[in-house]
Structures are given as C-alpha cells and as structure tokens.
Participant: 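My questions will all concern the structure given below.
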Amino acid sequence: MPSYLPFIPYPEPGKGHWGAATSTINWCEEDYYATVYSAEIVNTFTNLMFVFLAYKGIRSCIRYAHPPVFLVGFLSYLSIGVGSMLFHSSLKYPMQLLDELSMIYTTCIMVYAIFSHRRCTRDRVAIFLATLFLAAFITAYYHYLQDPAFHQNMFALLTVVVVLRSMWVMELMLRPSRRAQRGEGSVVNTVEQARIDRRDEEILGTMWKMIACGLSAVACGFLIWNLDNMFCGTLRRWRQVVGLPWGILLEGHGWWHIMTGIAAYFNLTWAIWLQYCRDGKQDDVHLAWPSVFSSVPVVVKAENRNRKSH
C-alpha cells in the first residue's frame, strides 16, 4: 500500500453474535471482521440505498396520491432492503428468504400493475389471483429446492416481462406515429394535436433516458457481482493489501445492492408515470429530475412541477 494513503489493516474474521451461518449462500466479504453483530458489514450497510429510495418513493406516493398499487410496491421494495440487511448481518436462512422473496414479491406487484390496468373487475381479480399463485409457487418451490439459481432466474424472468411489456405499452400509447396508424388524434384541432405530439415525444425521450439509466445500473451491478463471485480469492488478497477503508471499494456484492436499488427505483417511478400516461393524464403530472447524475426522478403533480425534488 502506498505510504501516502493511510489505511487500517483488516481485522481477522471471527465468530458472530448470531452463531453459525444457516443460509444456502455466502458472499465474498469476510465474516464478522468488523463487529460481532454483522457478518458482512459492507453488504449490510449498502442496503441503505434501498431504505433511502424507498423513503422517497413512499413519500412521493403519499404526497401526490399516486395509485395505491405503487405505494404497496415501494413498501415491498423497502422490505428488500430491510430483509437484505438482516440477511447479511446474520447469514440465517429465514432472513435469506426475507431478502430474496421480497424481490420476487415486488416484481409480482409490478406484473399485476402493468397487466391489470384498465381491465374490468373480473379480469383484475383473475390477474391478481394468477399473480398470487405465481408468487406462492415460486416461494414453495424455492424453499423446496433451496437453490439460489432458481430464485435468480425467476427474478430475472419476471423483471424482463415487466420491462418489455412496459416498453411496448409506452411506445404504443405515446409514439405519435403509432397513434396515427390507429386513427387516433383527430378529435382535437391541428394546433392542439401538434402540442400533444410534442409533449408525448418529450415524455418518450425522458422515459427512454430513465430506461437507459436503470438498465445500465443493473447491468453494471450484475457484472460486478459476477466478477466478485469469479475472482473472490484475488479480491480478498487485494483487500488485505490496500486495507480499510479502501478495501470497501472492492466489495462487489455491495455495489450490486447500490446498482439494483437504483434500477428498481427507476423501474417503479417509470411505472407510475406510465400509468398516468395510459390514463391520458400527461398534463396532470410531471417528472421532477433536475440532474441525471445527482438526483433521482420523482413523479409530481403539475402544480408542483417547478419545485425541486429533494
């Protein structure tokens, strides 16, 4: 380690307050080296990204009276962060289920939101029951298999379904050329139609920017997570060389938490905005997103559009 960078040598891993690990998976971070109360302290505290963004999402849903399904979605999103903190602190199997199944349940909520919108009551009930059955099946079969690969594949599949369906709906509803193909847009005068087309083109551009940010975050997180798994021994040696606090930057699973927390928040916020657009309420709301790099987007009512997101 260069002498001009002060560092603290890594303490030796030890035994923890929570006893032996019972989880079916362990990560590259050494166990109980910082405190007896947290097995993987970096993997624990990086979940504060979920807690912080959940607070922003829940606050936004309550303040601006967004559809209740998204408040439920953000509460489930919060349970991912809390569950992951408990899992990485204790390495206990029940906490592992709380962490991993919360990811499944949050995505199932999004499946229900995107597929049930503007359906009749009978169809909404059928979609709800089908989604509930799917979540119950994944829960039971995962508990039976106890194979993290099954959970990861199911989460990835559900996420792909939600994202692709949302993209399709977004383009179908907002792209002016697609509206013209369906013969829509003739009920208003030419000037108003031009304004609507410009508005929706701008909304589409911003939504695609949100999608790019979310997909980039999850792709980077997935890459770092896999590198963490593949080169764990090397990364542990490097962390011993650079010491603390610099070794924290080499905790790949912690970066996965941060990146997926951002990506999931973007996905939920995009879903809120898209639902307003599907209801023809583009003029009633606005996306407050002052900076791509130093802020996160929030859907606000139109009268609040000039207020900063904070």
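Basis for what follows: all heavy atoms, side chains included, without hydrogens, waters or symmetry-related copies. These numbers come from a predicted model, not from an experiment.
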Participant: Say whether, by atom type as modelled, one donor and one acceptor occur between the side chain of Ser84 and the main chain of Ile80 under 3.5 angstrom.
Facilitator: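 Not confirmed, Ser84 side chain does not pair with Ile80 backbone.
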Participant: Any donor-acceptor pair under 3.5 Å linking the side-chain atoms of Tyr93 with those of His143?
Facilitator: yes
Participant: Determine whether Ser90 and Met95 satisfy the following criterion, side chain to side chain contact (heavy atoms under 4.5 Å, CB included), listing intermediate values before the conclusion.
Facilitator: CA-CA 8 Å; Ser90 66; Met95 298 301 103; 3.6 Å; yes
Participant: Does Trp168 use its side chain to pair, donor to acceptor, with the backbone of Met170 at less than 3.5 Å?
Facilitator: no
Participant: Using the rule that Ile, Leu, Val, Met, Phe, Trp and Tyr join whenever any side-chain heavy atoms are under 4.5 Å apart, tell me whether Trp246 and Phe231 fall into a single cluster.
Facilitator: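 They do not share one cluster, since no chain of ILVMFWY contacts under 4.5 Å joins Trp246 to Phe231.
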Participant: Answer yes or no: does atom CH2 of Trp208 have more than 12 heavy-atom neighbours from other residues, nucleotides or ligands under 6.0 Å?
Facilitator: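 Above 12, so yes.
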Participant: Closer than 3.5 angstrom, by distance alone: can the side chain of Lys301 be matched with the main-chain N or O of His286 as a donor-acceptor pair?
Facilitator: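 Not a single qualifying donor-acceptor pair exists.
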Participant: Looking at every heavy atom in both Ser76 and Ser102, which two are closest together, and how far apart are they?
Facilitator: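 Nearest heavy atoms, Ser76 then Ser102: OG-O, 3.8 Å.
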Participant: What is the minimum heavy-atom distance between Thr24 and Pro148, and which atoms define it?
Facilitator: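 Reported closest heavy-atom pair: OG1-CG, 3.8 Å.
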Participant: Minimum heavy-atom separation for Ala217 to Ile262, with atom names?
Facilitator: CB-CG2, 4.4 Å
Participant: So do Val299 and Tyr64 actually touch side chain to side chain, heavy atoms under 4.5 Å?
Facilitator: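 They are not in side-chain contact.
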Participant: Say whether, by atom type as modelled, one donor and one acceptor occur between the side chain of Trp18 and the main chain of Tyr37 under 3.5 angstrom.
Facilitator: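 A pair under 3.5 Å: yes.
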Participant: Please report the shortest heavy-atom distance between Ala54 and Leu78, naming the atom on each side.
Facilitator: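 In terms of heavy atoms, the two residues are closest at CB-CB, 3.7 Å.
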Participant: Ring centroids only, cut at 6.0 angstrom: are Tyr32 and His17 within range, meaning strictly under it?
Facilitator: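 No; His17 has its ring centre 6.0 Å or more from that of Tyr32.
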Participant: Would a 4.5 Å heavy-atom cut-off, applied to side chains only, mark Met210 and Leu287 as touching?
Facilitator: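 Contact flag for Met210/Leu287 side chains = yes.
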Participant: Do His117 and Gln275 make a side-chain contact, defined as non-hydrogen atoms from C-beta onward lying under 4.5 Å apart?
Facilitator: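 Answer yes - side chains close enough.
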Participant: Apply side chain to side chain contact (heavy atoms under 4.5 Å, CB included) to Thr46 and Trp256, showing your working.
Facilitator: CA-CA 9 Å; Thr46 47; Trp256 163 254; over 6 Å; no
Participant: Could you tell me if the side chain of His253 sits less than 4.5 Å from the side chain of Cys28, heavy atoms only?
Facilitator: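 Contact flag for Cys28/His253 side chains = no.
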Participant: To the nearest 0.5 Å, what is the distance between OH (Tyr112) and CG (Leu129)?
Facilitator: 9.5 Å
Participant: Measuring from atom CG of Leu91 to atom CG of Asp31, what distance do you get when rounded to the nearest 0.5 angstrom?
Facilitator: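 The CG atom of Asp31 is 5.5 Å from CG of Leu91, to the nearest 0.5 Å.
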Participant: Count I, L, V, M, F, W, Y as connected when their side-chain heavy atoms are under 4.5 Å apart, and connections chain through other members. Are Val163 and Leu172 then in the same cluster?
Facilitator: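 Result: yes, single cluster for both.
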Participant: Quick check on the hydrophobic clustering: are Leu215 and Met207 connected, directly or via other members, by side-chain heavy-atom contacts under 4.5 Å?
Facilitator: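 Yes, Leu215 connects to Met207 through the hydrophobic network.
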Participant: Taking all non-hydrogen atoms of both residues into account, name the closest pair between Ser38 and Thr44 and its distance.
Facilitator: OG-OG1, 3.2 Å
Participant: Indicate yes or no: at least one non-hydrogen side-chain atom of Met85 is less than 4.5 angstrom from one of Leu48.
Facilitator: yes
Participant: Specify the closest pair of heavy atoms between Pro290 and Ser295, including all atoms of both residues, with the distance to one decimal.
Facilitator: CD-OG, 3.4 Å
Participant: Is there a donor-acceptor contact under 3.5 Å from the side chain of Arg118 to the main chain of Arg278?
Facilitator: yes
Participant: About how many Å separate OH of Tyr10 and CZ of Arg239, when rounded to the nearest 0.5 Å?
Facilitator: 5.5 Å
Participant: Could you tell me whether the side chain of Asn226 and the main chain of Phe222 form a donor-acceptor pair under 3.5 Å?
Facilitator: yes
Participant: In the structure I gave you, are the side-chain heavy atoms of Met259 and Val218 within less than 4.5 Å of one another anywhere?
Facilitator: no
Participant: Applying side chain to side chain contact (heavy atoms under 4.5 Å, CB included), run through Met154 and Tyr142 and close with a yes or a no.
Facilitator: CA-CA 10 Å; Met154 289 299 97; Tyr142 179 46; over 6 Å; no
Participant: Between the side chain of Trp225 and the main-chain N/O of Trp255, is any donor-acceptor distance below 3.5 Å?
Facilitator: no
Participant: Cut-off 3.5 Å, side chains only: do Thr234 and Arg237 have a donor facing an acceptor?
Facilitator: yes
Participant: Working to the nearest 0.5 Å, report the span between CD1 of Ile196 and CD1 of Ile203.
Facilitator: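 One gets 10.5 Å once the value is rounded to the nearest 0.5 Å.
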Participant: Decide yes or no for Leu158 and Leu134: does some side-chain heavy atom of the first lie under 4.5 Å from some side-chain heavy atom of the second?
Facilitator: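 In contact.
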Participant: Would you say Tyr55 ends up clustered with Ile62 if hydrophobic residues are merged whenever their side chains have heavy atoms under 4.5 Å apart, either directly or through other cluster members?
Facilitator: no
Participant: Mind checking whether Phe50 and Tyr77 have parallel, tilted or perpendicular rings, split at 30° and 60°?
Facilitator: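 Tilted, since the angle between the ring planes falls between 30° and 60°.
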Participant: For the pair Asp228 (side chain) and Ile224 (backbone), establish whether a donor and an acceptor sit closer than 3.5 Å, ignoring hydrogens and angles.
Facilitator: no
Participant: Quick one: pull up CD1 in Ile211 and OG in Ser166 and give me the separation to the nearest 0.5 Å.
Facilitator: 8.0 Å
Participant: To the nearest 0.5 Å, how far apart are CD1 in Ile25 and CD in Glu100?
Facilitator: 7.0 Å
Participant: Looking only at the aromatic ring of each residue, does the gap between the centers of Tyr265 and Phe74 stay below 6.0 angstrom?
Facilitator: yes
Participant: If the test is salt bridge (charged side-chain N to carboxylate O under 4.0 Å, His left out), which one of Arg195, Arg175, Arg178 qualifies with Glu201?
Facilitator: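 Answer to the salt bridge (charged side-chain N to carboxylate O under 4.0 Å, His left out) test with Glu201 among Arg195, Arg175, Arg178: Arg175.
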Participant: Does CZ in Phe45 sit with more than 12 non-hydrogen atoms of other residues, nucleotides or ligands closer than 6.0 Å?
Facilitator: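 Result for CZ/Phe45: open.
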Participant: Using the side chain to side chain contact (heavy atoms under 4.5 Å, CB included) rule, take Leu274 and Ile114 through it: C-alpha gap first, then chi angles, then the decisive distance, then the call.
Facilitator: CA-CA 9 Å; Leu274 182 59; Ile114 190 68; 4.2 Å; yes
Participant: For a 4.5 angstrom cut-off between non-hydrogen side-chain atoms, does Val285 reach Val300?
Facilitator: no
Participant: With distance as the sole test, does Glu29 use its side chain to make a donor-acceptor pair with the main-chain N or O of Ile41 at under 3.5 Å?
Facilitator: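 Indeed, once roles are kept as given, a pair shorter than 3.5 Å links the two residues.
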Participant: Can you tell me how the ring of Trp27 sits relative to the ring of His88, calling it parallel under 30°, perpendicular over 60° and tilted otherwise?
Facilitator: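 Correct class here is tilted.
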Participant: Has Trp273 got a side-chain atom pairing as donor or acceptor with Gln282's backbone, closer than 3.5 angstrom?
Facilitator: no
Participant: Is there a path from Met49 to Leu98 through hydrophobic residues (I, L, V, M, F, W, Y) whose side chains come within less than 4.5 Å of each other?
Facilitator: yes
